[in-house]
Amino acid sequence: MSNPVKETAEIFSVQKVGAYYQFTVVAPGIAAGFAPGHFVAVAVGGENTSMILRRAFALLGATPSGQFAGTIQFVVAEHGAGTRWITQRRAGDTLDIVGPLGTPFPLPSAPSPAVLVGGGYGTAPLLPLAAGLIEAGSAVEFLLGAATSSRLYGELAAKRLAGSVTVTTDDGSAGEKGLVTEALPAAIERIGAEVVYACGPMGMLRAVGDISRAHAIRAQVAVEESMACGIGVCMTCVLPVRGDDGRSRFVRSCVDGPVFDADRVRWADVGTLPPDLLGADAMGLH
Amino acid sequence: MSNPVKETAEIFSVQKVGAYYQFTVVAPGIAAGFAPGHFVAVAVGGENTSMILRRAFALLGATPSGQFAGTIQFVVAEHGAGTRWITQRRAGDTLDIVGPLGTPFPLPSAPSPAVLVGGGYGTAPLLPLAAGLIEAGSAVEFLLGAATSSRLYGELAAKRLAGSVTVTTDDGSAGEKGLVTEALPAAIERIGAEVVYACGPMGMLRAVGDISRAHAIRAQVAVEESMACGIGVCMTCVLPVRGDDGRSRFVRSCVDGPVFDADRVRWADVGTLPPDLLGADAMGLH
Amino acid sequence: MADLTTTLGPLTLPNPVLTASGCAAAGRELHQFFDVARLGAVVTKSIMTRPRSGRATPRMAETPSGMLNSIGLQGPGIDSFLEHDLAWLAEHGARTVVSIAGGHTDEYVELARRLRGHPAVSMIEVNISCPNVESRGQVFACDAIASSRVIGAVRRAADPGQPVFAKLSPDVTDITLIARACADAGADGLSLINTLLGMAIDTDTMRPVLGGVTGGLSGPAIRPVAVRCVWQVRQALPHLPILGMGGIRSGLDALQFILAGASAVSVGTAVFGDPLAPVRVLAELDAELDARGFGSLADAVGFAHRDVAALV
Amino acid sequence: MADLTTTLGPLTLPNPVLTASGCAAAGRELHQFFDVARLGAVVTKSIMTRPRSGRATPRMAETPSGMLNSIGLQGPGIDSFLEHDLAWLAEHGARTVVSIAGGHTDEYVELARRLRGHPAVSMIEVNISCPNVESRGQVFACDAIASSRVIGAVRRAADPGQPVFAKLSPDVTDITLIARACADAGADGLSLINTLLGMAIDTDTMRPVLGGVTGGLSGPAIRPVAVRCVWQVRQALPHLPILGMGGIRSGLDALQFILAGASAVSVGTAVFGDPLAPVRVLAELDAELDARGFGSLADAVGFAHRDVAALV
Ligand SMILES: Cc1cc2nc3c(=O)[nH]c(=O)nc-3n(C[C@H](O)[C@H](O)[C@H](O)COP(=O)(O)OP(=O)(O)OC[C@H]3O[C@@H](n4cnc5c(N)ncnc54)[C@H](O)[C@@H]3O)c2cc1C
Ligand SMILES: Cc1cc2nc3c(=O)[nH]c(=O)nc-3n(C[C@H](O)[C@H](O)[C@H](O)COP(=O)(O)OP(=O)(O)OC[C@H]3O[C@@H](n4cnc5c(N)ncnc54)[C@H](O)[C@@H]3O)c2cc1C
Ligand SMILES: Cc1cc2nc3c(=O)[nH]c(=O)nc-3n(C[C@H](O)[C@H](O)[C@H](O)COP(=O)(O)O)c2cc1C
Ligand SMILES: Cc1cc2nc3c(=O)[nH]c(=O)nc-3n(C[C@H](O)[C@H](O)[C@H](O)COP(=O)(O)O)c2cc1C
Ligand code: FES
Ligand code: FES
């Protein structure tokens, strides 16, 4: 995992893409260390803000320094006060960014057909992943889902990369009506997938994990958990995860994730303290 | 005192004038109630700021609504984080302003020669005052002082209004070298002044009061004390002032001031609790 | 439109948003911006028996999302208050909660007596978070016995028709102990919370900013502490009415306090940033209650405690 | 350039800026951004005897100029700490203050014993602001007797060459009482302050945000309370060394604590907003001391108390 850096990044461009804002910012240090699955932590609110914590965004891509200084891209959905502030920035403004952070998507050692499942802006980190997989000789099929058409992201880019893209929306305003995971079994069978990659809401990731397990293949999923530091020092972003030794522990999603093997994540116990977790007995004392 | 209002005021223009920033903002409600000596309280920091209190600025002037919506003007000197934020605003931005606030300069009932003493940006509220005095037939002479030439304000406007303007700077970089109050006795005698008006640092106001008393004439001075509310509800802006009954009290400078008869202000006791103050004995108990 | 009426013990108010003592004087200044009779009630600056100068300036310092004040309870004394302020409030039809403060128990009792029978007085808020001369400057509210002595005496002396609320300081080891002591002494409810004791040092003069050296910290910065205090007292004394305050600036802030167990809220420091804050918070709270399908404010009081096991 | 060396009792440090327990893990992550050996010392996450899962998520909530955390002291236990973390710190030449926590006095004693003779351990910070099993969840630090029992036992059990600092909670009626009790029990100094107990309610789910319901409030919002605690303890115990913390984000913030009486400061929550905060604060503090003509950091410690009459 390359060393993360803190950069004052000038915004090169901000494009409205459906409900989202696609940022391209000049950040050569971060761009140099980029791998699909990495995220960045962006300071919000400017000088004298009351919002003291950074907000995390998966990287859509990076162009290393060459003729011009390296840039990175990420997609922002307005959610609360912090993301709203970011969406109000304009080209020429600067953002204080730390990255690249987290453990990226593990790439298969040999070419292996893969289905990529993106929920909402979750497609963003899957696009550079697809490019890498294809370049390494893997066949890739995209499934893009969202609540409604304006919250889809990356359909065009996905088509350009992987030819066939299946789109679903819960309300049927685009593509097939229904959950994106409903299209997953057929997609797995269609290309004889050996691995599934996914990024999007936790519920979707859980379903991807179940379906992949049913097809005896691995699913690498990029999770979202509230993060105070994003660099592994605060212990707020933990998930209950089964270790290689079979024992479950609270594991930091910002450093050991955000990409996890779906099978290892105890989805049903997220937000609870499973009694069999390492050190759970010590909690009982207090 | 007209009712103050809260207005979302669009910035019409921001002009750099020496070390200061002169704001013209569209605020018809505030403009309608303006009188020289009034001030406004401006919210700073924008959405989600950690700076929760307003900053006070004396009004440089106001143009009531006519063909266009009424505007007000004030001059901002960068001091700390809040004023710095204001100086970074641009035309088209909006400011959240409450005003007009405070008790304005009392005008003489009959025409009477007046000397107006402005320290730094303190000249700002004296300009509309001078216009009013001259219109009412009073002769007006201006004394403008500052630490250095870039911190002078309003020399040109003062000259246009009152012809003769005496300028002093502590470092001699403009006009006569020395304190503005050193030029006051001569000015009082020159025009047979019957009243002195002043606005500027507290030390200067005190000296103006002493010199005026020595010449047996009144001095109306606009003070600056840290203000949390600016509208008379918090009791943070008090000064020790002698009442008509001779008894001294802590008096709110935001509603009963900022303009005071210099003779009534117990300058030597500002920042202390004089034992003879009304209710000071009650403090001893605790 | 949700039914916003609320009760503070025997007192019924048309809506749950009040001013906070010391942040609205006696209502006159705010009346320039909105009709103070629109509020649930106006809570007045803590009044004492005799005129009181208050502390030397500087009396304020801005802090991150907050402010420090060391006013020192400046006020004209009860006589002037009754003659001018209370009369003005009565004239303008504003429900009034009179905040009283004292250095000794008998000073509180005298104040309660002076307020007996006054039609304009809806309730008494007893500010026991001020320095108590009897225990060398310690505040009453930090001492369960001293608190219950004052509250008991005020309850006995006050007009039976006027509910007596004890206003507590958060700067205690266990606020539920003080709360219980006040309830046992006859308090009709509790006002939670007063300011936190804090301080700032001017890095230029290299001396305390405040003339009073330390002061009270208020504003959004202390909101999490205030919500915690309301929650804990609600858990310990589920039936004792609570007037919640501490950094409320929006309808959603107010809703947090209501869900934690407050039947009404006071808006204090927010008034300095927005003189219309009290009526704005009232309108926002109304809309937030509707959006969540609450038929009445009362339904939302303490709603966050549902199926949360009573905590250790 | 001011001489930045400082002392925490018998321990001399090259400069006064440390990390805060729980905000820097064991230094490995921050080392990616700057050499942790540049700091006065690294204060590690409170470690206990056995592995501890910590509480259920959500474990954090952002608040105005602050945050709430309910981690619940997650940690691998002393064995893993000694083998991995302490070894790493020693390898990288970082002075290390090991924070220890326990549910019973004897757990603290065992931890102190395990640290005896470790060359990499410069000091022990005793986190007594965590729930004390013996008094039904009350924290040790809220009870002078329980605090002094733990501190006394740790002082006796610990390596004489390792200073023992007691880390106090601000959520007490009179922090100087707890401070004096710890000093009398043999504490070499005090770490002031731990987080304030707070809470937030999610107005959508209408339930507490934190899995642990309440949590610790930290960041710039609590700085005025932290400075007040340092000031009060300095007044009461002028010769007891203080490690000050609470919302420090700049050199000027750190200077406030030094002037109030702290000989060193910890930078905690600010690291989440700026991973380089500790070294930036150090550089800024150095410049601010120079600008004010302080020949050394030591000259500035407690400077704000000069000619301020001891307060009631
Ligand atoms: C690894 C990772 C990758 C992400 N990638 C993207 C992305 O590519 N595009 C995008 O738009 N969003 C992304 N998110 C979600 C984004 O970080 C949150 O929407 C954002 O933090 C919310 O901040 P806010 O100020 O808008 O909301 P507020 O509710 O005001 O946030 C308050 C606090 O809670 C935290 N928080 C609130 N909601 C979330 C959430 N859903 N996830 C994480 N933290 C939260 C915030 O970080 C902040 O500290 C990602 C989150 C993570 C953890
Ligand atoms: C009645 C009145 C009229 C004024 N007129 C003008 C004017 O025309 N032009 C101008 O540039 N300035 C004027 N000032 C001063 C101006 O209000 C302060 O410079 C400003 O409040 C400082 O805020 P800051 O955020 O820059 O400084 P900070 O130090 O960050 O302010 C922190 C807090 O202290 C208060 N404060 C700090 N310094 C002062 C001060 N000198 N006076 C009052 N409050 C202070 C601030 O209001 C704020 O609440 C006036 C002040 C008053 C009271
Ligand atoms: C300037 C100021 C003066 C205050 N005066 C009093 C007072 O006289 N009596 C009292 O009980 N509380 C007083 N308070 C405390 C407030 O009533 C309130 O309890 C506290 O500020 C928290 O609420 P807030 O954050 O909304 O202001 C005062 C607060 C401020 C800021
Ligand atoms: C996420 C987090 C975890 C913490 N863990 C501990 C801990 O394990 N032991 C301890 O003594 N203090 C702990 N603290 C408290 C800090 O060490 C510090 O005392 C407090 O946060 C105030 O300083 P700050 O505002 O700079 O963070 C923690 C604080 C935070 C925010
Ligand atoms: S967000 Fe701090 S450890 Fe993961
Ligand atoms: S500034 Fe609040 S009363 Fe004057």
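Keep in mind it's a predicted model, so treat the numbers as computed, not measured. Quick note on labels: first sequence line is chain A, next is B, and so on, each numbered from 1.
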Taking D:Gly219, D:Gly72, D:Pro275, D:Ala270 one by one, which has the highest count of heavy-atom pairs under 4.5 Å against chain A?
-> D:Pro275

Chain A contacts, top residue of D:Gly77, D:Gly211, D:Gly54 (heavy-atom pairs, under 4.5 Å) | D:Gly54

Among the listed options A:Leu277, A:Ile231, A:Asp96, A:Val5, the residue most often paired with chain D at heavy-atom distances under 4.5 Å = A:Ile231

Which residues from residues 220-230 of chain A are near chain D, with near meaning under 4.5 Å between non-hydrogen atoms?
-> A:Glu225, A:Ser226, A:Met227, A:Ala228, A:Cys229

Nearest-0.5 Å distance that lies between atom CG in D:Asn127 and atom NZ in D:Lys167 = 6.0 Å

Looking at D:Asn69, D:Asp274, D:Leu276, D:Thr269, which has the largest count of heavy-atom pairs under 4.5 Å with chain A?
-> D:Asp274

CZ of D:Phe34: more than 12 outside heavy atoms within 6.0 angstrom?
-> yes

Among A:Thr272, A:Asp269, A:Thr49, A:Leu53, who wins on heavy-atom pairs under 4.5 Å with chain D?
-> A:Leu53

Using non-hydrogen atoms only, which part of D:Pro220 is less than 4.5 Å away from chain A: side chain, backbone, both, or neither?
-> side chain

Would you please test D:Leu18 and D:Val43 for side chain to side chain contact (heavy atoms under 4.5 Å, CB included) and show each step?
-> CA-CA 7 Å; D:Leu18 294 73; D:Val43 182; 3.8 Å; yes

The interface call for A:Val238 against chain D, heavy-atom contacts under 4.5 Å, is both

Going by distance alone, is a donor N or O of one side chain under 3.5 Å from an acceptor N or O of the other, for A:Arg55 and A:Thr83?
-> no

Could you tell me whether D:Arg52 and A:Asp281 make a salt bridge, using a distance below 4.0 angstrom between a side-chain N and a carboxylate O?
-> no

Distance, nearest 0.5 Å, that separates CZ of D:Arg114 from CG of D:Leu82 = 5.5 Å

Which of these, D:Thr96, D:Thr44, D:Ile78, sits in a side chain to side chain contact (heavy atoms under 4.5 Å, CB included) with D:Leu86?
-> D:Thr96

When the 4.5 angstrom heavy-atom criterion is applied to D:Arg249 and chain A, the contacting part is side chain

Interface check, chain D: of A:Gly271, A:Pro274, A:Gly45, A:Gly82, most non-hydrogen pairs under 4.5 Å belong to A:Gly271

D:His84 ring center near D:Trp88 ring center (under 6.0 Å) = no

Taking the six-membered ring for Trp, are A:Phe74 and A:Phe57 parallel (under 30°), tilted (30 to 60°) or perpendicular (over 60°)?
-> parallel

Hey, what do you get for CD (D:Glu107) to CE (D:Met48), rounding to the nearest 0.5 Å?
-> 4.5 Å

